[in-house]
Amino acid sequence: MSIDRAQPLRLGVLASGRGSNLQAIIDAIETGTLDARIVVVISNKREAPALDRARRHGITEIFLDPKPFSGRPDTREAYDRALLDILQKYEAELVLLAGYMKIVTSVLVQAYPNRIMNIHPALLPAFPGLDVQKKALEHGVKISGCTVHFVTEGVDEGPIIVQASVPVLESDTAEALSARILEQEHRLYPRAVQLYAEGKLQVEGRCVRIQKNGSSSIPSADAV
Ligand code: GAR
């Protein structure tokens, strides 16, 4: 069922670093290819360039310091409760992890079931975790790419929404491969969010069906 929205989809973005995926989302909104509005950008890193990017575009940005939450048994959950308070205060409908390098807990996942997306620079379920472009090269894969998925409590494990493939070249370094994958990330993430905004994503167990022209299908790599 597609959604005819009176108001743009309200996005909360969590980012820890450079923020190029955040920028791709901002650009897609500003050029009109993504019908959404970023209501808040939150970072666990005070110096994250992602916060500067938000500020430059007049978007509310918040540094949520993890330090006051450390040293207690429920450190990560307590941090996520504070995050959740902010996301709810700004009435975020969908949460985007955009280079957010902290594992989200059940606190956030249960408050936003199938309403948190992540982008990962590999073709999941291959190469979850960190340094994945280096691991892909070391493993000798011929094709890598990126994945947008819904976030569950397992790291990089949730239902896959869309993927894009990138050929691995014999001359590749981790940096060169990362740069080519990143180009695809910037193309893929706004499109996945737009599909959500249009109400075209239907989660059935592990599978995400994308409704196209009245019918639904499970997409293969590069399907969007
Ligand atoms: C991106 O490549 C993103 O896929 C990756 O971090 C980078 C962030 O770049 N995320 C993960 O590895 C999450 N598991 P950005 O800050 O420029 O968007």
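Nothing fancy with the numbering, it's 1 onward along the sequence. One-based numbering, in listed order, for ligands and for the atoms of each. Note that the structure is a prediction, hence the values are computed from the model and not measured.
The hydrophobic cluster containing Ile86 also contains Leu14, counting ILVMFWY residues as joined when their side-chain heavy atoms lie under 4.5 angstrom apart, directly or transitively.
For atom 6 (O) of ligand 1, the nearest protein heavy atom (residue, atom name, distance) is Met101 CE, 3.3 Å. Nearest non-hydrogen protein atom to atom 9 (O) of ligand 1 is Arg18 NH2, 3.0 Å. For atom 14 (N) of ligand 1, the nearest protein heavy atom (residue, atom name, distance) is His120 ND1, 3.1 Å. With respect to atom 5 (C) of ligand 1, the closest heavy atom belonging to the protein is Pro121 CD, 3.8 Å.
Atoms CD and CG, from Glu157 and Leu124 in turn, are 9.5 Å apart once rounded to the nearest 0.5 Å.
Scanning both residues, Ile161 and His149, for their nearest heavy atoms gives CD1-C, 3.8 Å. Scanning both residues, Arg115 and Phe150, for their nearest heavy atoms gives N-CD2, 4.3 Å.
Taking a 6.0 Å sphere around CD of Glu30, one finds it holds more than 12 heavy atoms contributed by other residues, nucleotides or ligands.
Closest heavy-atom approach to atom 2 (O) of ligand 1 within the set Glu185, His186, Gln184: this belongs to Glu185. Of all the listed residues (Leu130, Ile119, Ile103, Val13), Ile119 holds the heavy atom that lies closest to atom 10 (N) of ligand 1. For the residues Ser178, Gly17, Ala48, Gly19, the heavy atom positioned nearest atom 16 (O) of ligand 1 is part of Gly19. Between Pro49, Ala50, Gly99, Ser16, it is Gly99 that holds the heavy atom closest to atom 8 (C) of ligand 1.
Those atoms of ligand 1 that come under 4.0 Å of a heavy atom in Ser20, given as number and element, are 15 (P), 16 (O), 17 (O), 18 (O).
Inter-residue side-chain proximity for Tyr100 and Val151 is flagged as unmet; no heavy-atom pair is nearer than 4.5 Å.
Under a 4.0 angstrom heavy-atom cut-off, Gln23 registers as lying outside contact with ligand 1. Residue contacts with ligand 1: Ala15 is excluded, as none of its non-hydrogen atoms falls under 4.0 Å.
Here Arg53 pairs with Arg18, Ser20, Leu22, Gln23, Arg56 under the side-chain contact (heavy atoms from CB on, under 4.5 Å) rule; sequence neighbours left out.
There is a side-chain donor-acceptor pair under 3.5 Å between Arg187 and Gln184.
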